[in-house]
Amino acid sequence: MAATAAPSTSLPTPRCNSRRNIFPSPANTLRWVTVFKHPIGRTQRATAGRVESLTGTDRSIGVLVTDEEGDRIRRLQNGSDVRGVALEGEKERTVDLTPQAVEAIAESFGEWISENSRRDQGQPDEKIRVSVGRDPRISGPRLGAAVFAGLARAGCMVFDMGLATTPACFMSTVLPGFAYDASIMMTASHLPYTRNGLKFFTRKGGLSSSDVEDLCERAARKYTARKMGLGRGGGGVPPAATRVDLMSAYAQHLRTIIMDRINHPSHYHTPLKGFKVIVNAGNGSGGFFTWNVLDKLGADTFGSLHLEPDGMFPNHIPNPEDRTAMSLTRAAVLEHGADLGIVFDTDVDRSGVVDSSGTTINGDRLIALMAAIVLREHPGTTVVTDARTSVALTRFITARGGHHCLYRVGYRNVIDKGVQLNRDGVETHLMMETTGHAALKENYFLDDGAYLVVKIIIEMVRMKLAGSDEGIGSFLKELEEPVESVELRMNILTQPKYAKEKGAEAVDTFKKFIEEGHLQGWELDACGDCWVSEGCLVDSNDTPAAIDAHMYRAQVSDEVHGQHGWMHLRQSVHNPNIALNMQSSVIGGCQAMAKVFRDRFLLASGLEKILDITQIEKYAEKGTD
Ligand SMILES: O=P(O)(O)OC[C@H]1O[C@H](O)[C@H](O)[C@@H](O)[C@@H]1O
């Protein structure tokens, strides 16, 4: 999740290869580490064949470090979030998001934010105020105590928001009466109940991947130093956190937006009177939207699903990309004759909807719907999306006078690209990922699933007031569906600590094979029909340390059909695997691409030795996954 209204506060990342695992060292080796000052303000740690950049105050000289323990904390970085296994129960995965690790990371964040605030605001004596929210995961309360302890140890005042949503955490830094310096949300979004994680916000928005990498680095060093009896230890009396009710204020903020913008001629305070809306919160944090927003505005929400928070997620994965979540919501919409169905993910930074006729609207359709709404408000604006969208979506946006910038997968990447375009003078009002993360310039560049739905609800009511009974699905009449769209995965067959390095190697070999012409008819896709001319899709990988910077899309042609599809290759942010997406405008086009990919790339490069290519083989042979 996200939000950024101003340039990132992160220190510049050196242009170099991944700074982790380039020269993997034997597990559990103890070694002396020399720390010296780097000219740009970071410190660098040099060991035999290994150099790492560090930031912060913890610059002890001669710290004895076990690489393995520290590396486990470093590996908790997942793009711009921290994610890990918090509970036993996963096959072949052990618990790595321990209270000790979480405490070290929270303490590092507390220190980082204190240093930055002092630098930015020149207020050395003010205590930093940090809010903490969580989703209903059962590991939440225990890890929450570790977050409080870490923040308190860093000298912060801690405010406990209890059950919250990710966007509400950001809003706690800007809403009057709260305005905290920073916020932490504990969530692992749609991942299984065994996982958990952390998202970090300042008033400028969500932290970037390189910021989070720095935090994990700092935490890894703290953790290992503590394990060796160096530095300040944990334990003692659990710190007090002040309990606050942020969610009520946030819900009121959303209600005010709906009332003001609809400005209903006869019932201003209950503009949703007469509308039936089904909410499916998937037992995550989204139930509040039903009773604290929709009901209070007069909507009939009878028939809503899975509103009670339950950290075991007993019904289905809380995810608008999940087929069960969408189809159950569709069934409820049709059964109750509702005007709209809403599906939230666990922490409500994403959503999907169902229209009154039962059309499920997520992925490209949701982007198209939002693009249509935003393009009416801001004619000619640019829309940034990840590069897994269809060619038809680009046509849909350009036909409405908009510009489509295709960029990297990963919500933070997409949002940051929009922020950068605006900064460069390219008006960009909408940034959306196919996963359902949608950020609007008008709303702090924050990807808020509830705000997204607020925009759609306002549109729905306005249409009714204008005398139309068509419903919001009517926006999509001109959106064509791709003939074939497939996602396959290849597990990386190495020890976890080498997976990122091997994954990056595989993705970069893909790029090299195409550039060198080994795959006839395949060409690296510079930018789709995007008008941002410098070729951002295959751009200069400005943060090459982050795995979510390595991804390429190839346009694919053959002699019979000409250009008929594309293939996109990248490393998963969450798991040690490579994700492959492809689309084609001809039947059998994806199978043909899978065959070429297997024979002329995977087998020819020898990568099949480090990747599990079972899914590719199956698709190449059978044309189904
Ligand atoms: O890399 P994957 O496992 O496919 O997950 C990638 C996705 O992870 C999360 O859902 C993030 O919120 C998305 O921004 C990202 O695209």
Side-chain angles (χ1 to χ4, degrees), residues 1-4 75-85 90 93 135 165-167 169-170 185 187-192 195-201 205-209 212 282 284 317-322 325 343-352 362-364 366-367 384-389 406-418 431-439 445-449 452 485-492 496 499-500 503-504 506-507 546-553 568-582 615:
M1 131 93 254
T4 311
R75 284 200 297 274
L76 291 172
Q77 185 215 347
N78 265 239
S80 49
D81 305 337
V82 161
R83 296 267 172 98
V85 180
E90 284 192 44
R93 300 259 328 229
D135 75 14
T165 70
T166 296
C169 283
F170 169 74
M185 174 69 180
T187 180
S189 189
H190 61 286
L191 296 183
R195 307 271 178 109
N196 213 329
L198 305 169
K199 295 185 179 219
F200 308 91
F201 297 96
L207 262 54
S208 69
S209 296
V212 176
I317 300 167
N319 185 355
E321 291 182 286
D322 182 69
V343 178
F344 289 125
D345 79 334
T346 315
D347 57 321
V348 196
D349 55 2
R350 296 187 290 133
S351 50
N362 54 9
D364 278 4
L366 190 61
I367 300 177
V384 184
T385 71
D386 64 284
R388 294 170 300 179
T389 54
L406 292 154
Y407 198 56
R408 297 172 185 152
V409 174
Y411 68 91
R412 193 71 256 166
N413 284 332
V414 171
I415 295 170
D416 284 351
K417 184 69 186 174
M431 293 118 259
M432 264 187 94
E433 207 193 16
T434 37
T435 49
H437 285 278
F445 292 94
L446 175 71
D447 50 332
D448 183 343
L452 172 83
S485 184
V486 179
E487 177 170 309
L488 303 171
R489 300 260 168 166
M490 297 179 281
N491 285 335
I492 302 169
K500 283 188 182 179
V507 174
I547 59 163
D548 55 3
H550 289 260
M551 54 189 76
Y552 300 103
R553 185 167 116 163
H568 186 277
L569 203 72
R570 71 185 174 93
Q571 196 173 164
S572 162
V573 198
H574 305 302
N575 291 302
N577 67 47
I578 303 278
L580 179 156
N581 289 79
M582 45 188 171
Q615 287 191 17

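This one's a predicted model, so the numbers in the text were calculated from it and none came from an experiment. Whatever order the structure lists them in is the order used to number ligands and atoms, beginning at 1.
In summary, the atoms of ligand 1 found under 4.0 Å from a heavy atom of V409, numbered by their order in the structure, are 16 (O). Near H190, the atoms of ligand 1 lying under 4.0 angstrom from a non-hydrogen atom of the residue are 10 (O). If you number the atoms of ligand 1 from 1 as listed, the ones under 4.0 Å from a heavy atom of R489 come out as 2 (P), 3 (O), 4 (O). Listed by number with element, the atoms of ligand 1 under 4.0 angstrom from any heavy atom of V573 are 1 (O), 2 (P), 6 (C). Which parts of ligand 1 touch E433 is read off a 4.0 Å heavy-atom cut-off, strictly below it: atoms 13 (C), 14 (O), 15 (C), 16 (O). Taking a cut-off of under 4.0 Å to the non-hydrogen atoms of Y411, the atoms of ligand 1 that pass are 11 (C), 12 (O), 14 (O).
Not a single heavy atom of E321 lies less than 4.0 angstrom from ligand 1. Residue-ligand proximity: G410 is placed with a non-hydrogen atom under 4.0 Å from ligand 1. In this structure, R350 falls outside the shell of residues with a heavy atom less than 4.0 angstrom from ligand 1. Ligand 1 is never approached by R412 to a heavy-atom distance shorter than 4.0 Å.
No donor-acceptor distance shorter than 3.5 angstrom exists from the side chain of S80 to the backbone of S208, with no hydrogens or angles considered. Checked by atom type and distance alone, the side chain of N362 never pairs as donor or acceptor with a backbone atom of G436 at under 3.5 Å.
D135 meets the side chain to side chain donor-acceptor pair (under 3.5 Å) test with R137, T187; sequence neighbours excluded. Listed by chain and number, the residues in a side chain to side chain donor-acceptor pair (under 3.5 Å) with N577 are R489 (sequence neighbours excluded).
Looking at R570 next to ligand 1, an N or O pair under 3.5 Å apart turns up. Inclusion of S572 in the set of residues having an N or O under 3.5 Å from an N or O of ligand 1 is warranted. On a distance-only criterion, Q571 and ligand 1 share no N/O pair closer than 3.5 Å. The shortest N or O to N or O distance between H574 and ligand 1 is under 3.5 Å.
S485 contributes atom OG, which lies 7.0 Å from atom CG of N581 (distance to the nearest 0.5 angstrom).
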Using side-chain contact (heavy atoms from CB on, under 4.5 Å), reason through V414 and H437 one step at a time and then give a plain yes or no. CA-CA 9 Å; V414 171; H437 285 278; over 6 Å; no

Is there a side-chain contact (heavy atoms from CB on, under 4.5 Å) between R408 and D416? Walk through the geometry before answering. CA-CA 10 Å; R408 297 172 185 152; D416 284 351; over 6 Å; no

Would E433 and R350 count as a salt bridge (charged side-chain N to carboxylate O under 4.0 Å, His left out) if you check the C-alpha gap in whole Å, the side-chain angles of each, and the deciding distance to 0.1 Å? CA-CA 10 Å; E433 207 193 16; R350 296 187 290 133; over 6 Å; no

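Tested against R83, the residues Q77, H574, R195, R75 include a single side-chain contact (heavy atoms from CB on, under 4.5 Å) partner, H574.
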